[in-house]
Novice: 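Handing you this structure, nothing more for now.
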Amino acid sequence: MEPGKSAYELDLDTLLVEERSLKCQLVNTDNGVKFILTLVPLKDGTVRLRVEEESPMRQRFTPPYVLNGEPVPDRLKLISKSDKNVLVAYGSYVIDLEAVPFKIDISSGESHLITANARGLFRFEHTRPKPGCLHVFFGNKGVYIYREVRDESEDPGVWEENFKSHQDNKPYGPTAVAMDFTFHGAQVAYGLPEHADSHALRTTTKGDPYRFYNLDVFEYELKSEMALYASIPLLIAHSPRQTSGVFWLNPSETWVDIVTGNSNVVSSIVNFVSGGPEPQVESHFMSESGNIDVFFLLGPKPQDVFFQYSKLTGTAPIPPYFSLGFHQCRWNYIDEADVDNVHKGFDEHDMPMDVMWLDIEHTDNKKYFTWDPFKFPTPVEMQQNLTAKGRKLVAIVDPHIKRDPGYFLHNDATNNGYYVKNKDNSDYEGWCWSGSSSYLDFLNPAVQDYYSSRYKLSNYQGSTENLFIWNDMNEPSVFNGPEITMPKDNVHYGGWEHREVHNIYGLLQVVGTYNGLVHRSDIAEIENTQRPFILTRSAFSGSQRYAAIWTGDNAAEWSHLAASLSMCLSLAVGGMSFCGADVAGFFNNPDRELFVRWYQAAAFLPFFRAHAHIDTKRREPWLFDDEVTRLVRDALRTRYSYLPLWYTLFYGNNATGAPVIRPMWVEFPADTDGLTLDDQLLVGDSLLVRPVTEAGASQVSVYFPGDKTIWYDVESYQLYNHGKTTVPVTFSKIPVFQRGGSIVPKKERVRRSSQLMHNDPYTLIVALDSDGKAEGYLYIDDGYTHRYIYRRDSSVYIHFRFADGKLSSNLVGDTRYSTPCWLERVVILGMKPGPYKAIAFSCK
Amino acid sequence: MITESSLYQFENGEFTCFDGTLTLPTSYVNDDYCDCFDGSDEPGTSACPNGIFHCGNDGYVSKNIPSSRVNDGICDCCDATDEYATGNCSNTCAVLSAEAKLQAEKLAELMLQGNHLRLQMITAGKQLKMERKERISALEIEKAEAEQLKSEAETVKNTAEASENSALEYYRAIEEAQKAEREEIEKQEARNEAKEAFKHLDSDSDGILKKDELITRNILDKNKDGEVSDEELQFFMDDREEVSEEDFFEVMWPKLKPFYMMQQEATLDDVDNDNNKETEGEEDWDKSGELEVGKEEEEPEADEKPEDFEPPSSKYDEQTQKLIDEANKARANFEAVERSVRDLERELSKLKESVSKDYGVDDEFISLDGQCFTYTDREYTYKLCPFDQVVQMGKSGGSETRLGVWKSWGTPGDYNIMLYEKGQSCWNGPQRSTKVLVSCGLESVVVGASEPNKCEYVLEFKTPAACKMPQQAKDNHDEL
């Protein structure tokens, strides 16, 4: 197919423009198959495009739980219509639908933003009868019977396919959909998590496209487009003047080809400046099944795109405060005495820690929701020992269910038909940690209810309100399945094939877990229930509303430490800010240097958890030597001192979808030298962190973004100006800089756990910009209930401002919260030398 | 509150931080705001990140805690002084003191009894060590005698063997002649076989094998894909264009012979109609044909060996047979004497190694050497044989896994940790090792076993040998 050519044409005679939508027939001129195209503008700068078959032999799957409710349509106005095209207006945007070749172009003023099908790659494999089969139709002139003849040009793989020893029957034949999107003027592409790759996406024409098919990948490779555990098909294209996105809502196996105008960003900028050809980002989305359901997020600023995406898929609830502290995990803490010794070890070594974790070995033979009766005979007591220090426990609950006739969950699931089925409708059986296992079909609403009820304190024996949940292996992982997952022709509730559902399986599980945790106690008022904390490995768009994510089974290597930054940055711009990586690498044993550097880096990623493979040496942070112990203690304390900042940022994320950690381009969209950086990150808009990710480093290269922005080293208060600079580092140094113009809230009395710091006073670090001004925010609530959602007296959002030598605060919004906390200290950076006098005053 | 009051000297209403960096008004001390870099101005609050809070704990043991534990709602001081603002705690020092006293008394009693047993072990140990040393001296003498016997037996043996050897020379010559004849016949047979094969393959009977003659021969289809490829031809023809009869015999036949033999077998197998087996067999030939051939050639040699050493008696005349019998007897006698020398040496070296091991200051651990102690948990039985090794067995039987052999004490002079290393290797991991934590108990017994790291085990072992002098223990606890 030539670029720009397309076999598909709009039949503008069928055009129907309504107040909030546009409908038109789309025809495949090769075979006459008809489709319905629907265009709906949405509130807040988004356009939704759907294409469906006009009369499909079989309906296509619409994934639940991805969208946070039905998007709200906005007004549309017909500008003009000819036999070639139709022009409609939506706000300040003009949408041009071209009939032949079929093309949709969205522009704003003079500039084209996004063109769909510019390259003519739109495809929609219509549902069709299987060749060689007898078909019976009841038409208005009687009964027709005919035998379908195989189209010789058809790929034989479309009706069945073999992968190693697995055969995939494709009873519904080819059902793929594809479309291309061109972002005009865009220089860099981001998003499409989860891939172990650079934050700025690469041109993929030389290798495989980026692949979305949630998989349990053993020892995954870096710098790779291979599929990992999670799929967030959100693509963002960026230039200094325009940021836009495309959200491709399709949970089946998906591939995305990317071409950035120039493989080299710098030269594309040079071209742009010198008036050369306009750069652009081209993308090509291909999915194995499902409908075409695309959202164009029109920006124009990075934060607008995040807001638009959050309007569609929702934002993360404010996490319980403790979950921002430090998590200590290992596969596996052996028994209750082991757990006790480790959490006491943190006290002995004066290190703060909030959560102890139990991996699969804590269960009775990998039967989730149970405890090993010998190693963990008194789980409630164990949790009480932790909560006495303000700490919590997390236990793992995986989706594979042991096929054990003595296991209530297996019996319930078998008797009620709650398992995912084989193509012959028998219960699917696979191999996982629990040996022969079956998999709950979370697509079934009855299974959702049943699964949620398992978390009730009265059902989950040995659980308490201080137990939280880790949903692992939920791609789902099946050790003996094709690509370590479930066969695509397995059957879910409603007759949907696994191929259609696959990428939301993990999302479906955390939905059940989330609802289960909210309603596990007898507390009647929803506002008084505790916030859940869930960690998931698999995710899809929308998972941010339920769970935090980590980057899976990484390795104790410097390259994996570096990858934790780029991977979490991509997940963050994809809506999942609550991200971290296993500290200090899941596989293998880190040396002391890597171990320390990993803690120092992870202290500035949202989710901070140490975890290790069962074959690794014990590595509680005091097991190396005194220096390592001291440096890890410092890193942990640094983390805890900034908890008010993290919590405030998570509030912001909840409110607007603004990522908690940000790549440079988000805050400095026009600073072209910073567009592809992913070895440094911003915490909110105030801290610049450049973790040391190289062995033996005595210096690191830091890029200070922002033309007129100044930055202060948070330890030495040394000043840095815009540009690339080499900063010397020692073993104890974490290069962190506060932006001039920001005010950062801290709590500097670091205690054994975050809960014990709840009533402690705040410190404000006021870093002045070159005009002597600064501002910042602080959010406070009780840290663990849902009152912040439902009540006006349960949270407070404070705006601090420093100008003309005066620091003032005012409450944003109309919520109030009573707290014994006070402001104990204000540190002002960037004051000119001279004698000063401080006066505290209050105004009514 | 200020506890280390002597350190807090105020002069002219001023306080100087301990590090000397700042001088502050006294009202700044314990005002819940950290002024000093060393945290010394806030000994009674949680304000300083590096501060220390002192619990007096009257009636019990005083202690220092980090300032961050002041007023956090958790009772860290038994006198409750750390929670003066939260009011969460009450004074429990008296209770703790009583408990500690009881504990101390129990411990003292244990130590007292344990020490008594330890002294017995020391006496027994000294006795044992002396016995071992005596045994060594005795063995040294025995060994010298045995060595004397050995050298005599060797002389007798050598003489008998010399006579036997000369008598057998005649027979050996005959045997060798027979063997040579046999080999010549075999060689001729092989040559004939090759000749026949050559004749068969040489379709145009010109005495030269060419590619077009061979390409039609199934026998050359090594990989059984139905055709004779160039590669296969090159293989058999050793990269030659044509093969003469002499070359055939030297180069091609050795490669081809296995396939001929196989074909013959296959023809036989066809009668059984066992196709699967046949295919498997062919694959084996493909992969390791040469190896198999080598094996077959070795076998006849192996068969010959027994003949050399034990000639059947009927073979020899009476005189020779007598010499052989005598030589056998001399050999047997020598071997017996030699064995007893080796046994003695082994026992000696074991004893010497034993008396050189570190059994404690007073050899109090020596009697444990040679004993074994088992401990069974839910899955495994562990067996500790002090100064020897540690093994693990499945509870329901199965083979033993060695978790380590005796290496040394953890710290020389500190007799509380035993190290056992170089156990069986873990799959994909290190060699197993075991640390044995040794503590005082009234009997020698293993009381716990765990595997805190993969393939690194910890056993807890109690023994009177580890009971320290009760006086010391008592002194320490009298302070309470």
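Excluded from the calculations below are hydrogen atoms, water molecules and symmetry mates; all remaining heavy atoms, backbone and side chain alike, are included.
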Novice: Would you mind checking if A:D350 and B:R69 are paired as a salt bridge, meaning a charged N to carboxylate O distance below 4.0 Å?
Specialist: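 Salt bridge flag = yes for A:D350 with B:R69.
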Novice: Which value, rounded to the nearest 0.5 Å, describes the distance between B:C455 atom SG and A:D615 atom CG?
Specialist: 7.5 Å
Novice: For the pair A:R752 (side chain) and B:S68 (backbone), establish whether a donor and an acceptor sit closer than 3.5 Å, ignoring hydrogens and angles.
Specialist: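 No, the answer is negative, given that no donor and acceptor are paired below the 3.5 Å cut-off.
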Novice: Using 0.5 Å steps for rounding, measure from the CG atom of A:N759 to the CG atom of B:N71.
Specialist: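 Separation between the atoms: 11.0 Å.
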Novice: Non-hydrogen atoms of chain B under 4.5 Å away: do they reach the side chain of A:D347, the backbone, both or neither?
Specialist: both
Novice: What's the spacing between A:W331 CH2 and B:K454 NZ if we round to 0.5 Å?
Specialist: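 These two atoms lie 7.5 Å from each other.
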Novice: Where do B:I74 and A:R751 land on the side chain to side chain contact (heavy atoms under 4.5 Å, CB included) test, with the steps shown first?
Specialist: CA-CA 11 Å; B:I74 297 170; A:R751 304 194 190 251; over 6 Å; no
Novice: Calculate, to the nearest 0.5 Å, the distance between atoms CG and CD1 belonging to B:N453 and A:I614 respectively.
Specialist: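 CD1 of A:I614 is found 11.0 Å from CG of B:N453.
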Novice: Please indicate whether A:D626 has more than 12 foreign heavy atoms, meaning atoms of other residues, nucleotides or ligands, lying under 6.0 Å from its CG.
Specialist: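 No, because the 6.0 Å sphere around CG of A:D626 holds 12 heavy atoms or fewer from other groups.
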Novice: With a 4.5 angstrom heavy-atom cut-off, is it the side chain or the backbone of B:P66 that approaches chain A, or both, or neither?
Specialist: side chain
Novice: Is it the case that the side chains of A:R749 and B:S46 hold a donor-acceptor pair, with the cut-off being a distance below 3.5 Å and no angle test?
Specialist: yes
Novice: Which atoms of B:D377 come close to chain A, meaning under 4.5 Å heavy atom to heavy atom: side chain ones, backbone ones, both, or neither?
Specialist: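 Neither part, no heavy atoms under 4.5 Å.
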Novice: Which region of B:D76, side chain (C-beta onward) or backbone (N, CA, C, O), has a non-hydrogen atom less than 4.5 Å from a non-hydrogen atom of chain A, or is it both or neither?
Specialist: side chain
Novice: Using a strict cut-off of less than 4.0 Å between a Lys/Arg side-chain nitrogen and an Asp/Glu carboxylate oxygen, indicate whether B:E456 and A:R618 qualify as a salt bridge.
Specialist: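 So B:E456 does not pair with A:R618 through a salt bridge.
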Novice: By a 4.5 Å heavy-atom criterion (distance strictly below it), what part of A:E824 contacts chain B: side chain, backbone, both, or neither?
Specialist: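 Interface part for A:E824: both.
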Novice: Nearest 0.5 Å please: distance from the CG atom of B:D72 over to the OG atom of A:S753.
Specialist: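 Reported to 0.5 Å precision, the distance equals 8.0 Å.
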Novice: Less than 4.5 Å to any heavy atom of chain B: does that hold for the side chain of A:S641, its backbone, both, or neither?
Specialist: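 Contact with chain B involves no heavy atom of A:S641 at all.
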Novice: Checking heavy atoms, do the side chain of B:C34, its backbone, both or neither come under 4.5 Å from chain A?
Specialist: both
